[in-house]
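Everything quoted here is computed from the prediction, not taken from an experiment.
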Amino acid sequence: MAAAIGMYVTPNWTLPRVVGGLANHVWRCWDPDGAGRYMIVVASGFVLGEGLTSIVNASLKSAGVDWVWCGGCPAEFCSGCT
């Protein structure tokens with residue numbers, strides 16, 4: 001079921017989760033005590049940062065600001081990128 005869902009979700013949603021999972025694994029191997037103590041705080045900070053970025057992005061889009069950078073999206077893949 002999880003593999004089937006991955007086929008329908010866009011890479012901008014799945015790739016950060018893969019990178020986060022790999023970072024979590026490396027951190028737990030490198031410093032298990034620190035990972036156990038700080039992983040939730042760091043993950044919460046990333047979620048908060050993503051939420052704030054989406055609010056800024058929505059505000060800029062509603063203000064009519066054109067895209068300056070699309071984060072490496074292929075042409076015609078992202079909405080607004082050319």
Side-chain angles (χ1 to χ4, degrees):
M1 182 69 159
I5 291 172
M7 293 188 312
Y8 297 110
V9 179
T10 58
N12 64 340
W13 194 86
T14 55
L15 289 178
R17 279 126 188 104
V18 170
V19 171
L22 290 173
N24 181 19
H25 176 71
V26 169
W27 193 0
R28 286 191 184 276
C29 289
W30 179 61
D31 182 16
D33 293 334
R37 189 176 311 128
Y38 298 116
M39 182 56 70
I40 297 296
V41 175
V42 171
S44 297
F46 282 136
V47 170
L48 176 65
E50 184 179 11
L52 291 175
T53 302
S54 67
I55 290 171
V56 169
N57 190 15
S59 300
L60 290 173
K61 186 157 184 110
S62 65
V65 176
D66 199 13
W67 291 99
V68 177
W69 180 67
C70 290
C73 293
E76 303 296 326
F77 187 75
C78 298
S79 60
C81 293
T82 56

Sequence neighbours left out, cut at 3.5 Å: what donor-acceptor pairs do the side chains of residues 17-28 make with other protein atoms?
from: R17; atom 1: NH1; to: W13; atom 2: O; distance (Å): 2.7
from: N24; atom 1: OD1; to: R28; atom 2: NE; distance (Å): 3.1

Counting only pairs under 3.5 Å, give me each side-chain donor-acceptor contact of residues 33-44, with atom names and distances, residues two or more places apart or in other chains.
from: S44; atom 1: OG; to: I40; atom 2: O; distance (Å): 2.8

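Shown here for P32 and C29, the closest heavy-atom pair between the two residues is CD-O, 4.4 Å.
Here the CD1 atom belonging to I55 is positioned 12.0 Å from the CG atom belonging to L60, to the nearest 0.5 angstrom.
Other members of the cluster containing L15 do not exist, because no ILVMFWY side chain is joined to it at under 4.5 Å.
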